Every structure is written in structure tokens, then in C-alpha cells.
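Because the structure is predicted, anything quoted here is derived from the model rather than measured. Computation of the quantities below employed the complete heavy-atom set of this structure, encompassing side-chain atoms and omitting hydrogens, waters and symmetry-equivalent molecules.
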Amino acid sequence: RIDANGNVVIPLDEAGARKILADLRDEGVEAVAVCTLFATVNPVHELRLRSLLTEELPNVFVSLSHDISPTIGEYARMSTTAANAALGPIAGRYLSRLESELRAAGMPVPVLMMTCNGGVLPTEVLTDRPAIALFSGPAAGVKGTEAMGRTMGLGNMLTTDIGGTSFDVGVIVAGAPVMRSEISISGADIRVHSVDVDSIGAGGGSIARAEGGELRVGPGSAGSTPGPACYGRGGILPTATDADLVLGVLDPDNFLGGRMRLDVEAARRAIHDHVAVPLGLGLMEAAWGIRKVLDSKMADLLRRMTVERGHNPQEFTLFANGGAGPSHAWVLAAELGLKGFVVPAAATAQSAYGTGNADLGFSTERPTYVRVAPGDQPTTDQIESVNASTAQAVAETRRNLLLASPDRDVAIELVAAIRFRGQTNHLDVPLSGQTLDQDGFSDLTARFEALYEQLFGRGSSYSSAGFELLSIRAAGSCSLPPPARGSLGDPITRAGSRKVVFDDPSAALDTAIYKTVFPNPGASVAGPCIVEFPGQSVVVPPGAKAVADVFGNLVVGTN
């Protein structure tokens, strides 16, 4: 047992530890997570346990909590370490094998993997800490929007992604994604520095049902198998995709670029039997209701990510990604009071685009607990402790980035985790330099209070409680050259028309249908119309106009 000051109270029982390890060996254990109390202050017992593991179980994947999640609070530290250990034998060893086989095949460059903090890292760094790749797909989507927004001269962006099962939202403020220090997976808190992406169960596969006389959509999903009823794979329950097909948004003969034909009658039957009849609605009214409920849930998430965090959504540009994002963006923009939205050329592959445009990135956190009473300043010893932790975090971040790119300049941003004394949760506040003094601490707490009031309302801060500084995080990056972009496009060609329901289920409008793959710069179409790409359909509502920019994006706005 080690106390809060790092003193060894009870020495490690090595004989007992060896017996436990022998039992684990007999059970065929592949990975071990090690977490001891106050290991972030003094990791001597965790380090010794790793040595014993190396002796007794030499082929086992080992995760130490002070290395994987060096933060205050043993619960999140343990759950993060356990998640890392669970992933190690699968992801870690796979990445190592992938790297070896590609090098043997003649590939001279390292494999770079996206992480949840929005940077890429070589497999050499990730093999022993695969937990930092959790939620890396959604994070990459936000980075893709950030990269595209930068080329368009935008600073504030809302990035949305609607796929088959979920609706993901990220927020970019002044050119940088909003970050968070923890993610939750199946109720477990995973303490990793991550791009802040929130999700709800709302997508093309979300199942609609009549429940207690009300229409509900999601969070249950039909997935891809059996999928929506219109897929013809055995699904009989109505989904958002079935509703879009019945409403005329989707072309049954040109789904996924013509690679799949949709069964309109199966979609109609599913909506009729499971929604329209139980609720006493007409078919079109039921389909329209499914879309309205789904869109309302998605708009609520967008408001939670903006209004409830002190941001005015009308100061942001909405980006519609995913297979279903471009067909719902017009409603979401209207719900938020926006004049339009952007459909990126890579809307259905925005995560891949973000990975290709990401820089090398790595973060290191070091606990450094400073408790300051109201009106007081930290002591000289406390200031020195903070600066020592800062130096350690910077050195560790720099070391891992230089493993990936020894010849590149490393840029490091420092963030302090601060809260009012006695609080459970904290806010991350940027540090103005790599060393701290008493004046710097006063400036830090002042900026913490300003951020606190921005998030929770004027007058909500309470400096009379005093402050607690919990940790220092060093977020480093090395810039990588972005991939080249092509500028040649294809014409937007007229492909007929069909009836589409917009705002009134009883009054479907004659709607022009266009097709393109990568539209020519300057190409434009006027609503109501639908622009069909191989992987998505962009709905341009009445009174709006879509114009292609030089990057192949469709910028949709009111005339």
C-alpha cells in the first residue's frame, strides 16, 4: 500500500503476487491490467509487478495504470487501463504484425493510425496503448471538416455524420475542435484526451415504432443485416431509410450509385403495418412523421452541443457528412436558424479524408495536485511541483513524436485541469507558457472562471471556494504535408424528376433530380431538387440554391 504522498505503507507481497500470476498463467490469460492506489505519485509497486509479469508470463500484454492513464482518481484510471489491456492482444499485436508484413513487402514508410485526439501516430507508439485509438473514426471525421473548413476560410463549424446507426456531432471553434478528457463506453469511463464527439442512436437504420400511442424512432437499429425493409434482406420493421424512400428522397434504382435496388413496396408495407395503422395515420403522414421525429432528435443534440455550451449556432457553418447526412441537413439547418449548409465532396468518407489530412499528434498527462484556499496563492513548493510535472509531460510528448518524425518541429500546447475546491468535475484551461509562477496562476484561475461562466451562465463561478489544480497535459503535434487535391470535376446533369415530400405530407412537390460524382466548380442548381452522388443524396429545399466550390463541395443556401 502506498499513501497519497507516495510513501510505501505496506511493501509489495511478492510471494503472493507470484502465486496469483501462476494462477493466471494456468488460466491462459493473454493480457493483464495493473492498477494500484496512488501509483501516479509513486509507481514503484506497478513497476515491480511488471517485472514479475515479465518473469512469470513473458508473452502476456501488460498495461500499467500510471503509464496508460496517469490521472487522479483510481476508478477512471483502472477502467482505462483495463480497456487498454483488453485491446492489446487484438489491436496492438495486429498493428505490429501489419507494420512488419508491409515492410517485408517493400513499403518504406511507416503506417500511421488515427487516434481519438485527432492526430496520427506510427504503430510503434500505438502497439502498447491502443486505447488512445478508441473513437478515432468519429474524431477523424471532425478533423476532416476542420481541414476542409480551413481551406474555405471558416473558423466555426458544426460537423455532423449520419450513418446507418448513429448521428455524430463535433464542434469546431476558432479553427480547433472542442476536446474532452474522458469518453464513456458501455458505462465505463475511459480517461483519454479526445476530440469531443457526441452521438445518439439516430441513423438510416433507426427503427420506427408505435409505442403507447406515440411515434418513436430509434435508438434501436436494423443495422445492415437484415437492414431496412426496403433492402429486401428479411427486415420487416420500418426505418428512417424506408421513410426517405417512401417520401421520394431516395431513388430505388440508384441507391449506392446503382449498386443496390430498393424495394419500395416493402418499405410502404412496413410503415403501413407498424406505424400508420397503429397510430391511425395515412401512409405518407406516417413516413413524414418518422423523418420529423428523427430530425427533431438530431436537432436537439446539435443544440446541446452549442447552445447549452455557450455557443450561438448561427455563428457556425453546418457540414453534412455520412451517407444520410446530406439528405437531412436542410431540416437541421432550418431548426438551428442557419441559412444553409455544406456537403463535402468526401461526405461519405470524411473520416478517411480527416485521417489523410491529420498531423502527427500525441498527448501526455501528469498529475500535479495543488489545493489553494480562497484568496491564497500556491506555495513555492507547489509551483515547483507544477513546473516539474509540466517538464515531464513536455519531454514525454516530445519523445513519442520524435519517434515518428525525428526531423520535424514539435509544437506543444499545455492545458491545466482546474476546478473549484470540493467539485467533482473540472475544466481544461490552456496555459500561457511552459512555466508557472504566482502571477501566472492568478491569470489561469481568472481564465478558468471566465470559461466556467461561459458554459454555466453569468454569476455561476464561485472563487470564494478556492481552486484545485489536478493535472497538466502536454498536447504535441508535428505538421505533415496535406495530400494533393484534384480540381477537375464533372457536370451536374439533369436525370429527370419525381415527387418528393418536404414540409407537407399531403403536398409532394415535383422535384428535379440531378446526378454527379465530383461537381465542376461554379456548377449550380436551384431547389427544390435532389443532387445524387454515388453514396449520398443532397436535398436542396424550395427557395434554396446549391453551388459547387473549387474543392467539389456543394454549398447549399437560401437565395
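Of the possible donor and acceptor atoms, one in the side chain of Arg180 sits under 3.5 Å from a partner among the backbone N and O of Val197. In this structure, Asp359 contributes its side chain and Leu480 its backbone to a donor-acceptor pair below 3.5 Å. Ser136 places no side-chain N or O within donor-acceptor distance of the main-chain N or O of Ile132, the cut-off being under 3.5 Å. Thr445 places a side-chain N or O within donor-acceptor distance of the main-chain N or O of Ser442, the cut-off being under 3.5 Å. Side-chain N or O atoms of Arg419 include one that pairs as donor or acceptor with a backbone N or O of Thr424 at under 3.5 Å. Judged by distance alone, the side chain of Glu46 and the main-chain N or O of Thr36 form a donor-acceptor pair under 3.5 Å. Judged purely by atom type and a 3.5 angstrom limit, Ser351 uses its side chain to pair as donor or acceptor with the backbone of Gly137. The closest donor-acceptor contact from the side chain of Arg191 to the backbone of Thr71 lies at 3.5 Å or more, if one exists at all. Panel note: side chain Asn321, backbone Thr160; a donor-acceptor pair is recorded below 3.5 Å. Between the side chain of Asn42 and the main chain of Ala39, no donor-acceptor pair closer than 3.5 Å is present.
Taking 4.5 Å as the limit, every side-chain heavy atom of Ile418 sits out of range of all side-chain heavy atoms of Leu470. Using a 4.5 Å cut-off on side-chain heavy atoms (C-beta onward), Pro226 and Tyr231 make no contact. At least one side-chain heavy atom of Glu55 sits under 4.5 Å from a side-chain heavy atom of Arg18. A 4.5 Å side-chain heavy-atom check between Leu102 and Val111 finds at least one atom pair inside the cut-off. Within the 4.5 Å cutoff, no side-chain heavy atoms of Glu413 are placed close to those of Arg473. His426 has its side chain out of reach of Phe420: every pair of non-hydrogen atoms, C-beta onward, lies at least 4.5 Å apart. Within the 4.5 Å cutoff, no side-chain heavy atoms of Met179 are placed close to those of Asp196. In this structure, the side chains of Val192 and Leu134 stay at 4.5 Å or more apart for every pair of heavy atoms.
In this structure, Ala474 and Ile412 approach most closely via the heavy-atom pair CB-CG2, 4.0 Å. For the residue pair Thr127 and Pro130, the shortest heavy atom distance occurs at O-CD, 3.8 Å.
Between Glu14 and Arg48 a salt bridge is recorded (basic side-chain N to carboxylate O distance below 4.0 Å). Salt bridge Lys143/Glu146: present, at least one basic N to carboxylate O contact under 4.0 Å. Here Arg129 pairs with Asp67 in a salt bridge; the nearest charged N to carboxylate O distance falls below 4.0 Å. At a threshold of 4.0 Å, the pair Asp300-Lys297 does not count as salt-bridged, since none of the basic side-chain nitrogens sits closer than that to a carboxylate oxygen.
Taking the ring centroids of Tyr452 and Tyr462, they lie at or beyond the 6.0 Å cut-off.
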Fill in: Working for salt bridge (Lys or Arg N to Asp or Glu O under 4.0 Å), residues Glu101 and Arg103
CA-CA 5 Å; Glu101 292 182 2; Arg103 284 197 178 279; over 6 Å; no
